[in-house]
Amino acid sequence: RIMGNAIAKSFDKAVTTEFKHLTTQEQPADAIALSDIFTAVGTIRGNGETGQLFGIVGTNQYANLLAAIGGTAFAGGEFQNSAMRNGFFGMIAGVQMFVSSYLNNTDMGVTNNPGAAIFSADAVKAAIQGGVNIEVARRPEAVGFDIVASAAAGAEAIDADRGVLIINNA
């Protein structure tokens with residue numbers, strides 16, 4: 001399990017890092033708003049994307065987005081109840097929304113404070129070849145074994161016009 005989690009973390013960071021190549025959109029306030037997501041969707045649709053969109057909200061903006069959903073605009077609706085009950089946003093403006101702790105300056109190697117990424121399946125592509133490899137080597141001096149897990153995997157931004165990185169340069 002530990003090795004699998006380490007590979008998954010490395011792969012998730014590789015994919016998330018590619019979001020820095022998407023079209024950027026400045027959020028006008030410190031807290032991300034639903035209107036920022038609507039604007040991003042409009043930008044992507046305006047660039048010709050007609051397929052399913054996905055969204056990842058950084059943990060730095062997760063509470064702000066939940067607060068927006070928890071406001072009076074959504075009072076008593078199933079969308080609000082579901083988001084408050086289980087923390088899963090579900091669909092916002094046709095975008096399947098998820099949360100990631102890797103959408104940040106440190107893991108992405110940027111300085112523009114990313115808050116969310118909205119994108120289609122054609123914006124960033126990821127691949128893995130051959131699955132996970134496990135190597136075991138005996139180390140008599142340590143009276144044990146070294147176990148190494150590795151995977152041939154990678155990610156690449158394919159079409160920056162099919163995604164938007166919502167940033168806050170403030």
Side-chain angles (χ1 to χ4, degrees), residues 1-41 43-44 52-71 74 79-128 131-133 147-160 162-170:
R1 177 178 174 194
I2 293 170
M3 290 185 291
N5 286 345
I7 289 174
K9 179 179 179 179
S10 176
F11 190 67
D12 287 351
K13 283 183 179 181
V15 172
T16 306
T17 297
E18 291 302 311
F19 293 152
K20 67 184 174 189
H21 301 294
L22 299 178
T23 303
T24 56
Q25 168 189 311
E26 179 81 25
Q27 70 188 44
D30 287 338
I32 193 168
L34 291 170
S35 60
D36 297 324
I37 294 171
F38 302 152
T39 301
V41 170
T43 299
I44 296 166
Q52 175 65 54
L53 298 180
F54 305 93
I56 297 178
V57 177
T59 52
N60 61 334
Q61 291 292 339
Y62 177 73
N64 294 328
L65 196 54
L66 269 181
I69 292 168
F74 295 96
F79 176 64
Q80 182 186 60
N81 291 340
S82 176
M84 295 297 117
R85 186 172 42 250
N86 60 32
F88 175 64
F89 295 117
M91 299 278 269
I92 299 176
V95 178
Q96 294 181 26
M97 298 296 293
F98 302 92
V99 180
S100 174
S101 61
Y102 305 126
L103 198 68
N104 60 59
N105 287 342
T106 304
D107 289 324
M108 292 178 64
V110 296
T111 58
N112 57 9
N113 303 314
I118 311 298
F119 55 95
S120 76
D122 292 328
V124 174
K125 295 288 186 177
I128 187 167
V132 176
N133 300 314
I147 301 174
V148 177
S150 63
E156 189 73 31
I158 302 298
D159 189 348
R162 305 231 181 235
V164 170
L165 181 64
I166 301 171
I167 61 169
N168 182 357
N169 277 324

Which pair of non-hydrogen atoms, one from [X] and one from [Y], has the smallest distance, and what is that distance?
| X | Y | answer |
| --- | --- | --- |
| Ala151 | Ile128 | CB-CD1, 3.9 Å |
| Val15 | Ala126 | CG2-CB, 3.9 Å |
| Ala123 | Arg162 | CB-O, 3.6 Å |
| Leu53 | Ile44 | CD2-CG2, 3.8 Å |
| Phe11 | Ala127 | CE1-O, 3.8 Å |
| Ala116 | Ile32 | CB-CD1, 3.6 Å |

How long is the span from the [atom1] atom in [X] to the [atom2] atom in [Y], to the nearest 0.5 Å?
| X | Y | atom1 | atom2 | value |
| --- | --- | --- | --- | --- |
| Asn104 | Asn113 | CG | CG | 9.5 Å |
| Gln27 | Asn64 | CD | CG | 8.0 Å |
| Ile118 | Phe38 | CD1 | CZ | 10.5 Å |
| Thr59 | Tyr102 | OG1 | OH | 10.5 Å |
| Ile56 | Gln61 | CD1 | CD | 14.5 Å |
| Thr23 | Ile166 | OG1 | CD1 | 11.5 Å |

Of all pairs that satisfy salt bridge (charged side-chain N to carboxylate O under 4.0 Å, His left out), the ones with a partner from residues 102-119, not counting sequence neighbours
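Pairs touching residues 102-119 that pass the test: Lys13-Asp107.
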Side chain to side chain contact (heavy atoms under 4.5 Å, CB included) between Phe119 and Leu165: does it pass, once the steps are laid out?
CA-CA 8 Å; Phe119 55 95; Leu165 181 64; over 6 Å; no
Under a 3.5 Å distance rule, please check whether [X] uses its side chain to pair with a backbone N or O of [Y] as donor and acceptor.
| X | Y | result |
| --- | --- | --- |
| Thr16 | Asp12 | yes |
| Glu18 | His21 | no |
| Gln25 | Asp36 | yes |

Does [X] reach the side chain of [Y], with side-chain heavy atoms less than 4.5 Å apart?
| X | Y | result |
| --- | --- | --- |
| Leu34 | Leu65 | yes |
| Met97 | Val57 | yes |
| Pro114 | Met108 | yes |

Would you please name every residue forming a salt bridge (Lys or Arg N to Asp or Glu O under 4.0 Å) with Lys20, sequence neighbours left out?
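Per chain and number, Lys20 pairs via salt bridge (Lys or Arg N to Asp or Glu O under 4.0 Å) with no residue.
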Identify, with sequence neighbours excluded, every residue that meets salt bridge (Lys or Arg N to Asp or Glu O under 4.0 Å) alongside Lys125.
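So Lys125 forms a salt bridge (Lys or Arg N to Asp or Glu O under 4.0 Å) with Asp122.
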Taking the six-membered ring for Trp, are the ring centroids of Phe54 and Phe98 within less than 6.0 Å of each other?
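No, they do not, as the ring centres are separated by 6.0 Å or more.
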Apply side chain to side chain contact (heavy atoms under 4.5 Å, CB included) to the pair Ile158 and Val124, showing each step before the final yes or no.
CA-CA 5 Å; Ile158 302 298; Val124 174; over 6 Å; no
Test Val41 against Val164 for side chain to side chain contact (heavy atoms under 4.5 Å, CB included), laying out the working first.
CA-CA 8 Å; Val41 170; Val164 170; over 6 Å; no
